[in-house]
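Below is one structure; the comments refer to it alone.
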Amino acid sequence: MPHMKQDYDLPDTSEAMKDLAREMVSRIENGQLGHAVALVDRMNDVREQTLYQEIGRLTRALHEAIKNLNIESVGAGSEIHSATDKLAYVIEMTDKSANRTMDLVDASMPLASVINERAAELQMRWQRFLNKELRPDEFRVLTRDIGEFLGQSADQSRQLQNQLSEIVLAQDFQDLTGQVIQRVGKLVRDVESRLVNLVVMAGTIDSITGVSHRGFSELDSESDLAEEIDAIAAEGPQINPDCEGVVASQDDVDDLLSSLGF
Amino acid sequence: MNKNMKILIVDDFSTMRRIVKNLLRDLGFTNTAEADDGSTALPMLQQGDFDFLVTDWNMPGMTGIDLLRKVRADERLRHLPVLMVTAEAKREQIVAAAQAGVNGYVVKPFTAAVLKEKIEKIFERVEG
């Protein structure tokens, strides 16, 4: 926040008011009531002038903020709109990747089970051979089956390998979506700091006009109240598991439920 | 536990529905249907003879907790076993779900083992 500090302090206005007030007191003490009353008018002038100045400044800042955010053209082309598009892109990318991964797993599962079942079956017969329980004709079939199995599992494990590396490739969304989310995060921080600037400026006007309305602390307590009213409203994933009132794991959920008689 | 029982999976994200569906299939349950929020799920439940409901909490339209309350308030559905699978992890929310009559509560992200254990536990109680 550059240039904000001086707006907030209004040293010129304070100084002018102080001088006028001192002069007024001394006029009254000297019995010059007419002069003193005239000074009230001058104080009013200073106040009004500052007020116009500050409103002008606020208007310019507001205009600047809007211009920088590109939200003048509401809808297409604005930065907010493009952030929404970007987030939609994140959803699309993650959705695509999750489905691609699951497709590949779905294709890999049967291969793994075939290898598993076939190996288990051959192992049983191989054990019988080692125990010398196999007749020569059974042994001939076994060697043929083993040869077939080795060929098949070489093929199938190669397929599995390919599918596993494709699963790894399907995770490339993390990089892309991460970049997009970082950009959107920066935009949100920008918007926040601009809004804070505007609030500070508006606060200056409040102090000049003598208007007082709800400050931040009251707003906070109000949102607390709203939260109390609907404490169980859906919040989505908890980012910080150390947060008060949040369970850290499934075990905590189970403990809580069992304490309730589940 | 009847592996042929009819299960409704409710989640607004198709990926999560697919994950739950696959896990259920691995556990031997293949008779599943899907809905993307409470307001599509409720008429399906009222019309179809579902034996089990697996629902997310946070969904546009009707949320999972509201769906649970509607199910418990419905004369014909009130005994339907309901498992909540959700990212909502506040104690107050879990207590509220318990009070609304949920049969099990699984927090995302979850494992296949946890899902299996909760489903088995629910049906032990329901059948036992």
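This structure is a prediction, so every number in the text was calculated from the model and none was measured.
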Open item on the list: Only pairs of heavy atoms separated by less than 4.5 Å count here; which of Asp252(A), Asp254(A), Val105(A) has the most with chain B?
Closed with: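 Heavy-atom pairs under 4.5 Å are most numerous for Asp254(A).
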Task: Option that, when pairs with chain B are counted at under 4.5 Å, heavy atom only, ranks first among Pro237(A), Gly261(A), Cys243(A), Gly245(A) - done: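 Looking at each option in turn, the highest pair count goes to Gly245(A).
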Do any of [range] come closer than 4.5 Å to chain A, heavy atom to heavy atom, and if so which ones, in number order?
range: residues 44-58 of chain B; answer: Trp57(B), Asn58(B)
range: residues 106-115 of chain B; answer: Val106(B), Val107(B), Val114(B)
range: residues 79-87 of chain B; answer: Ala87(B)

TODO: Indicate yes or no: does Arg25(B) engage Asp106(A) in a salt bridge with an N to O separation below 4.0 Å.
DONE: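 So Arg25(B) pairs with Asp106(A) through a salt bridge.
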Task: Electrostatic pair Asp95(A):Arg18(B) at N-O distance under 4.0 angstrom - done: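 Result for this pair is no, no salt bridge flagged.
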Could you check whether atom [atom1] of [X] has more than 12 heavy atoms from other residues, nucleotides or ligands sitting under 6.0 Å from it?
X: Lys6(B); atom1: NZ; value: yes
X: Gln123(A); atom1: CD; value: no
X: Lys86(A); atom1: NZ; value: yes

TODO: List the atom of Glu88(B), the atom of Glu235(A), and the distance in Å for their closest heavy-atom pair.
DONE: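 Closest approach of Glu88(B) to Glu235(A): OE1-N, 2.7 Å.
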Task: For Glu92(B) against Ile232(A), the heavy-atom pair lying closest together - done: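 Heavy-atom minimum between the residues: O-CG2, 3.5 Å.
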Open item on the list: Arg17(B): which residues meet the salt bridge (Lys or Arg N to Asp or Glu O under 4.0 Å) condition with it, sequence neighbours left out?
Closed with: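 Glu34(B).
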- [ ] Measure Thr15(B) against the heavy atoms of chain A and call it side chain, backbone, both or neither at under 4.5 Å.
- [x]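 Contact with chain A is through both the backbone and side chain of Thr15(B).
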TODO: Let me know if Thr94(A) has heavy atoms under 4.5 Å from chain B in its side chain, its backbone, both or neither.
DONE: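 When you check distances to chain B, no heavy atom of Thr94(A) falls under 4.5 Å.
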Open item on the list: Under 4.5 Å from any heavy atom of chain B, what part of Ala248(A) do you find: side chain, backbone, both or neither?
Closed with: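 Neither part.
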Open item on the list: Using a 4.5 angstrom heavy-atom cutoff, name the option from Lys118(B), Gln93(B), Lys121(B), Gln99(B) with the most pairs to chain A.
Closed with: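 Answer, by heavy-atom pair count under 4.5 Å with chain A: Gln93(B).
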Open item on the list: When you compare the side chain of Val247(A) with that of Arg91(B), does any pair of heavy atoms fall below 4.5 Å?
Closed with: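 Arg91(B) reaches Val247(A) side chain to side chain.
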